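This is a predicted model, so every value here is computed, not measured.
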Amino acid sequence: MRSELHRTALLRSRLRLPVVRRTAGILDGAHASIMAGHGHDFADLTEYEPGDDVRRIDWRISARNDRPIIRRFERETDIRTQLVIDSSRAMRAVAPSGERKCDIAMEGADLLAFLAAQRGDSLGLVVGDSSGIETHTAKHGTAHMERLLRAAARRIAESHGESTPSALLERAFVVSHVRSLMILVTDCHWPGPEDENTIQRIRARHELVVLRVVDMPMTQTTLGAQGAHIDALSDIDMDGITLPAYLREDEALAAAIGREDAQREEQAEALLRWHKVLQDPVSSSADVMPSLIALLRRRQYARG
């Protein structure tokens, strides 16, 4: 896992302010669907800046001032973001980019937690696998955010269990007594038919989005932009997901594995669509920012 250097400083050094503003604005849209019917208090008017929600532009006042002006509002009710992170041992295997899936997952968790903290949301965490589940109460503040992210990173580094997304969401359901935005970070093709009761329970009370870290195909022979050959990467824990070279070169086997994987993916996507849950797959850390922006924007427009 990455160094436990001050995570907020790292994030601020990587994220340009317009990107943060745009993504936070989209997160506002996702939260707006949670608070539908509760109303907002008008706060003030301010000049539009890139990244602000264009739907908040007051066109009449903008025309009088010859520049776009937006209306800002104060939320009447505290909003909760609940991170639900799969810490299974498979997360320490590699993605198609050659990065470990856990590093990509934590990249997404870092960004989501940072945005929630910047908005002033309360942030909670449920992290675990078949070997156990940790629950961290939702609170406000940057220091709390950093404690949660350290806990998630430590859990992933130490875990030896199998992936259990439904058990994680069931625990999150029990501890989340107010309507929340739940964000599941996993590497599974979730849900399957056996998980439908869980997704129904979650969606009856909460908003849910899924960030899925893509598995490296078992027949893949090279990793990342450099094209390093898998057999040369002795320092990476492949966690038993690769096949010997002679099997990876078997075209019929590769096709059969591809069909099975595609079938599981299509089944999971169909169930998510049915229950109005959006997901986005990421294959590398470079995918995380654009994927999250796209995911939250889709959430915003789906409920707008």
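- Ion pairing between a basic and an acidic side chain is recognised when a charged N comes within 4.0 Å of a carboxylate O; D215 and K101 show such pairing.
- Side-chain contact check for V277 versus I199: some heavy-atom pair is nearer than 4.5 Å.
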- Could you go step by step and tell me if E269 and H189 meet the side chain to side chain donor-acceptor pair (under 3.5 Å) rule? CA-CA 8 Å; E269 288 180 351; H189 289 306; over 6 Å; no

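- M91 is not listed as a side-chain neighbour of R100, based on a closest heavy-atom distance of 4.5 Å or more.
- The environment of CD in Q267 is crowded: more than 12 heavy-atom neighbours from other residues, nucleotides or ligands sit within 6.0 Å.
- In plain terms, the two heavy atoms of G161 and D129 that are nearest each other are CA-OD1, 3.3 Å.
- Taking the side chain as every heavy atom from C-beta outward, E265 and Q263 never approach each other to under 4.5 Å.
- Side-chain N or O atoms of N65 include none that pairs as donor or acceptor with a backbone N or O of S62 at under 3.5 Å.
- Residues meeting the side chain to side chain donor-acceptor pair (under 3.5 Å) test with T164, sequence neighbours left out: none.
- The shortest distance between side-chain heavy atoms of S283 and S97 does not fall below 4.5 Å.
- Annotation: the span from Y48 atom OH to I69 atom CD1 amounts to 12.5 Å, rounded to 0.5 Å.
- The CG atom of L211 sits 9.5 Å away from atom CD1 of I104, with the distance rounded to the nearest 0.5 Å.
- The shortest non-hydrogen separation linking I156 to I85 is CD1-CG2, 4.2 Å.
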- Task: Starting from the C-alpha separation in whole Å, work towards a yes-or-no answer on side chain to side chain contact (heavy atoms under 4.5 Å, CB included) for Q279 and V209.
- Result: CA-CA 6 Å; Q279 75 149 344; V209 295; over 6 Å; no

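- At least one side-chain heavy atom of W190 sits less than 4.5 Å from a side-chain heavy atom of D195.
- Taking hydrophobic clusters as Ile, Leu, Val, Met, Phe, Trp and Tyr residues chained together by side-chain heavy-atom distances below 4.5 Å, L168 does not share a cluster with V174.
- Residues T81 and I183 form a side-chain contact, since some pair of their non-hydrogen atoms from C-beta on lies under 4.5 Å apart.
- For the pair M106 and L149, the tightest heavy-atom approach, listed with the atom from each and the gap, is CE-O, 3.6 Å.
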- Could you check E146 against H144 for side chain to side chain donor-acceptor pair (under 3.5 Å), going step by step and ending with a plain yes or no? CA-CA 5 Å; E146 293 188 339; H144 172 69; over 6 Å; no

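- Across every non-hydrogen atom of A138 and R80, the tightest pair is CB-NE, 3.3 Å.
- The CG atom of L208 sits 6.0 Å away from atom CG of L169, with the distance rounded to the nearest 0.5 Å.
- Side-chain N or O atoms of S176 include none that pairs as donor or acceptor with a backbone N or O of V178 at under 3.5 Å.
- The structure places CZ of R154 at 11.0 Å from OG of S87, a figure rounded to the nearest 0.5 Å.
- No donor-acceptor pair closer than 3.5 Å links the side chain of R171 to the backbone N or O of V127.
- For the pair T198/P191, no side-chain contact is recorded, criterion being any heavy-atom separation below 4.5 Å from C-beta on.
- The structure places CG of D103 at 8.5 Å from CD of E107, a figure rounded to the nearest 0.5 Å.
- Under the 3.5 Å distance criterion, with hydrogens and angles disregarded, a donor-acceptor pair is assigned to the side chains of S285 and E99.
- Between R89 and E158 no salt bridge is recorded (no basic side-chain N to carboxylate O distance below 4.0 Å).
- Here the closest non-hydrogen pair linking V185 and A105 is CG1-CB, 3.7 Å.
- Listed for the D58 side chain is a donor-acceptor partner under 3.5 Å among the backbone atoms of R60.
- In this structure, K139 and S122 have side chains that are not in contact, with every pair of non-hydrogen atoms separated by 4.5 Å or more.
- Here the straight-line distance linking atom CZ of R273 with atom CG of L278 works out to 11.0 Å at 0.5 Å rounding.
- H206 and M182 get closest at one heavy-atom pair: CD2-CE, 3.4 Å.
- Linking Ile, Leu, Val, Met, Phe, Trp and Tyr whenever their side-chain heavy atoms come within less than 4.5 Å puts M289 and V213 in one cluster.
- When the options Q200, R205, E207 are evaluated for a side-chain contact (heavy atoms from CB on, under 4.5 Å) with R203, the one that passes is E207.
- Side chains of S131 and R155: a donor-acceptor N/O pair is present below 3.5 angstrom, by distance only.
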- Message: Walk me through whether Q82 and L181 qualify under side chain to side chain contact (heavy atoms under 4.5 Å, CB included).
- Response: CA-CA 6 Å; Q82 188 79 34; L181 174 63; over 6 Å; no

